[in-house]
Every structure is written in C-alpha cells, then in structure tokens.
Amino acid sequence: QVQLVESGGGLVQAGDFLRLSCAASGRIFSRYIMGWFRQVPGKEREFVAVINWSGDSTYYADSVKGRFTISRDNAKNTVYLQMNSLKPEDTAVYYCAARGTRALAQKAYEYEYWGQGTQVTVSS
C-alpha cells in the first residue's frame, strides 16, 4: 500500500504560481511512477503530468506544457508540481497518483493509488 497526501493548493490570481506537494508513505516510493491529475465537477479526471522513478523522464498534457513542471525527491518521498503562469482554466482539484510499473501512463485507470486531492482556484 502507498498513502498519498497532497498539499499546497489555494486561491491565486491569473498569472500567479503555486507549488503542489504530494507526500508518500508506505512502500518504497522510488519504485513508483508518479502522476498528477486534475478534475472539475462534471468532468472526467484529466491527466496533467507524469514522472518516472528516477525523475529523468517526464511527460505533460499539452494544456500545461511549458508552464508546469513535475519533479520528485525520492529521499523525501515527495513529488512536486510547480505551476507557473496560472490561468482560470487551471482551476480544479489536483490529485497525485502512484503506479507500480516502470511505464509512464496518462490514463487515470492505470494508477493504483490516489491522494485525497487539493483545490486550486485561479481567479481572473
């Protein structure tokens, strides 16, 4: 089992930045692919970014490419999502997720463990 706890969400203005954190506990964190997803009411959970176990391979949704950066610190069992140049359309609940295989994945159903989510609201 892996337990995930997100933090760092909040209310910001368009153009501002936030850094989300996801602290993991349980099994060996460094063995897991880590992803960030987001969801707004009435819509499916949307892929945002993913990072491999060593942190040297990442992939982003087109909507956030160039603005968001995913990173991880295996010594701290934590994955981060640095979000710059935030837009109102980035408003959502952001979730981190863990996947116990080596392949990067973009589909929510491919992830085994999920955090409880943190709200990000961007005002115009």
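Count residues from 1 along the sequence.
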Spacing of [X] atom [atom1] and [Y] atom [atom2] [to the nearest 0.5 Å]:
| X | Y | atom1 | atom2 | result |
| --- | --- | --- | --- | --- |
| Gln3 | Ser25 | CD | OG | 4.0 Å |
| Leu86 | Phe17 | CG | CZ | 9.5 Å |
| Met83 | Arg38 | CE | CZ | 9.0 Å |
| Ser71 | Leu81 | OG | CG | 8.5 Å |
| Ser30 | Asp73 | OG | CG | 11.5 Å |
| Arg99 | Lys107 | CZ | NZ | 12.5 Å |

Are Thr91 and Glu89 close enough that a side-chain donor and a side-chain acceptor fall under 3.5 Å?
->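 Per modelled atom types, Thr91 and Glu89 side chains form no pair under 3.5 Å.
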Among side-chain atoms of Gln13 and Ser123, is any donor-acceptor pair under 3.5 angstrom?
->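 Looking only at side-chain atoms, Ser123 and Gln13 do not form any donor-acceptor pair under 3.5 Å.
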Would you call Tyr113 and Gln1 a side-chain contact if the rule is heavy atoms closer than 4.5 Å?
->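 They are in side-chain contact.
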For the residue pair Val12 and Thr121, establish whether any side-chain heavy-atom pair is separated by less than 4.5 Å.
->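 SC-SC contact between Val12 and Thr121 ruled out.
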In the hydrophobic clustering that connects Ile, Leu, Val, Met, Phe, Trp and Tyr at side-chain heavy-atom distances below 4.5 Å, which members other than Phe47 occupy its cluster, ordered by chain and number?
->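 Cluster partners of Phe47: Ile33, Phe37, Val50, Tyr59, Val93, Tyr95, Leu104, Tyr111, Trp114.
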Check Leu18, Leu20, Val48 against Phe68 for a side chain to side chain contact (heavy atoms under 4.5 Å, CB included) and give me the one that passes.
->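 Running side chain to side chain contact (heavy atoms under 4.5 Å, CB included) over Leu18, Leu20, Val48 with Phe68 returns exactly one hit, Val48.
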Check side-chain hydrogen bond (donor to acceptor under 3.5 Å, both in side chains) between Glu112 and all other residues, then give those that pass, not counting sequence neighbours.
->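 Once residues adjacent in sequence are excluded, Glu112 has no partner under the side-chain hydrogen bond (donor to acceptor under 3.5 Å, both in side chains) criterion.
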Flag, side chain of [X] to backbone of [Y], donor-acceptor distance under 3.5 Å:
| X | Y | result |
| --- | --- | --- |
| Asn52 | Asp56 | yes |
| Thr78 | Lys76 | yes |
| Thr118 | Tyr94 | no |

Chi angles and distances behind the side chain to side chain contact (heavy atoms under 4.5 Å, CB included) call for Glu6, Gln116 | CA-CA 7 Å; Glu6 302 96 336; Gln116 83 290 347; 2.9 Å; yes
Does NZ or CZ of Arg72 fall inside the cone over Phe29's six-membered ring, less than 6.0 Å from its centre and within 45° of the axis?
->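 Positive - Arg72 is close enough to the ring of Phe29 and near enough to its axis.
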Distance-minimising heavy-atom pair for [X] and [Y]:
| X | Y | value |
| --- | --- | --- |
| Pro88 | Ser124 | CG-CB, 3.8 Å |
| Ala92 | Val40 | CB-CG1, 3.7 Å |
| Tyr60 | Ala49 | CD2-CB, 3.6 Å |
| Glu110 | Ala105 | OE1-CB, 3.4 Å |

Taking everything shown except Lys43 itself, do over 12 heavy atoms lie less than 6.0 Å from its NZ?
->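 No, NZ of Lys43 has 12 or fewer neighbouring heavy atoms, counting only those of other groups under 6.0 Å.
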Is it the case that more than 12 heavy atoms not belonging to Ile28 sit under 6.0 Å from its CD1 atom?
->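 Not buried by this count: 12 neighbours or fewer within 6.0 Å.
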When you check the gap from the basic side-chain N to the acidic O, do Lys87 and Asp90 get nearer than 4.0 Å?
->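 Salt bridge between Lys87 and Asp90, a charged N being under 4.0 Å from a carboxylate O: no.
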Passes side chain to side chain contact (heavy atoms under 4.5 Å, CB included), Val2 versus Tyr32? Steps please.
-> CA-CA 10 Å; Val2 175; Tyr32 286 82; 3.6 Å; yes
Is Tyr80 reachable from Ile51 through a run of hydrophobic residues whose side-chain heavy atoms are each under 4.5 Å from the next?
->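 No, Ile51 and Tyr80 fall in different hydrophobic clusters.
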